[in-house]
There are 2 protein chains.
Amino acid sequence: MPVSAVAQASPAGVGTTYTIGELAREFDLTTRAIRFYEDCGLITPQRSGRNRVYTGRDRTRLKLTLRGKRLGLTLAEVKELVDMYESPRDTLPQLKKFLVVLGAHRAQLEQQMADLQATLEEVRAHEKEARRLLAEGERRR
Amino acid sequence: MPVSAVAQASPAGVGTTYTIGELAREFDLTTRAIRFYEDCGLITPQRSGRNRVYTGRDRTRLKLTLRGKRLGLTLAEVKELVDMYESPRDTLPQLKKFLVVLGAHRAQLEQQMADLQATLEEVRAHEKEARRLLAEGERRR
DNA sequence: GGCTCGATTGACGTTTACGTCAAGTGTAGC
DNA sequence: GCTACACTTGACGTAAACGTCAATCGAGCC
């Protein structure tokens, strides 16, 4: 039986925790992958005895990780970004560096957006043409 | 001296060819990478003696390859797509399969578009906030 | 003829992101 | 007490995408 169904009779929602298996099912991952993300420092679950206990924060970081992967980032890049978002930015140099890194990241995302739009337009044009040919073929039978 | 400057006194533009070094410089790749793409079947240059000769078509496929990579596709996926675009679609089954594959590809691109937009909005929000804090800090000095 | 430059093939090395056993532990139910 | 199931660590394996030599070759230049 999953930990969260028993050990958590908390105020409904807040303080919810997850086992590795629950997260694996939810995000369609193997437990091996999740542990690997931990090795990379992407998530740092607590322990209940030997077992890992994941919080909502871990879940969020996992979500961000998967989104980053879908965008073609390496795990190291994802870690750098996610860590940065959670790091303190209370001094001016920290703030300035934050802005520099953000700018670089945004430039990359915008390049990707351009690539994506170009590709999508091509795909849609091909689809349109193919559907036209298909309709023509169907009519001629 | 590059091949294309000598061996090609052709009608200006049409029939232009490139050496591996020229393409490497243009796209900021190593020659090793370009030869590797050839091993994967992504480009199939002709030969002049032992040397590879790349045509405009090769250049286009190389461009598409790099765009695919920026979008996070594997080389195998890129090959599948690029090949499909160039394959004959003169029978109804071929056409239908073409549409199916296109549809799957488009679904993936649209998921990625959603990921991208979400990420871009977050980055912009963070940037805005950081700039606000920076301005505030500068004012207070 | 000697030198340099760019290209070639071949082979082994490397990083990333896990997969795949193996062997053990802890808890729940019968 | 036995079984089943989820979780644990550890170690080795693997596919993708090149990097990195090494040895060789051909063309152009002084």
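Here is the naming used below: chain letters follow the sequence lines, and residue numbers restart at 1 for every chain.
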- Message: Does D:dC18 have OP1 or OP2 under 4.0 Å away from a side-chain N or O of B:K69?
- Response: yes
- Message: If I take atom CG in residue A:L73 and atom C1' in nucleotide C:dT16, what distance separates them, rounded to the nearest angstrom?
- Response: 14 Å
- d(CZ, A:F27; P, C:dA17) in whole Å: 19 Å
- Calculate the interatomic distance between A:R32 atom CZ and C:dT16 atom C1'; express it in whole Å. 12 Å
- Note on the structure: Rounded to whole Å, the CD-P distance (B:E80 to D:dA16) equals 13 Å
- Item | Whole angstrom value for the distance that separates P of D:dA16 from CG of A:L75 | 18 Å
- Starting at CD of B:E38 and ending at P of C:dT8, how long is that distance when rounded to a whole Å? 8 Å
- Task: State, without any angle test, whether B:S48 and B:N51 hold a side-chain donor-acceptor pair at a distance under 3.5 Å.
- Result: no
- Message: Please classify the nucleic acid contact of A:T31 as base, sugar-phosphate, or nothing, using heavy-atom distances under 4.0 Å.
- Response: nothing
- In whole angstroms, the gap separating P of C:dT9 from CD1 of B:I20 amounts to 9 Å
- Query: For A:R47 and A:V53, which heavy atoms make the closest approach, and how far apart are they?
  - Reply: C-CG2, 4.2 Å
- Query: What heavy-atom pair brings B:L92 and A:E138 nearest, and what distance separates the two atoms?
  - Reply: CD1-OE2, 4.4 Å
- Message: Among D:dT8, D:dC18, C:dC18, which nucleotide has an atom closest to any side-chain atom of A:F36?
- Response: C:dC18
- Message: What I want to check is whether the side chains of A:T119 and B:R67 have a donor and an acceptor closer together than 3.5 Å.
- Response: yes
- Query: If we ignore angles and hydrogens, is there a donor and acceptor under 3.5 Å between the side chains of B:Q94 and B:T91?
  - Reply: yes
- Whole angstrom value for the distance that separates P of C:dT9 from CD1 of B:I34: 13 Å
- Can a side chain N or O of B:R47 be found less than 4.0 Å away from OP1 or OP2 on C:dT9? yes
- Item | 5' priority, DNA chain C, between A:R50 and A:T30 [closest heavy atom] | A:T30
- May I ask you to evaluate whether A:R35 reaches the phosphate of D:dT8, defined as a side-chain N or O under 4.0 Å from OP1 or OP2? yes
- Task: Return no unless some side-chain N or O of A:Y37 is found under 4.0 Å from OP1 or OP2 of C:dA17.
- Result: no
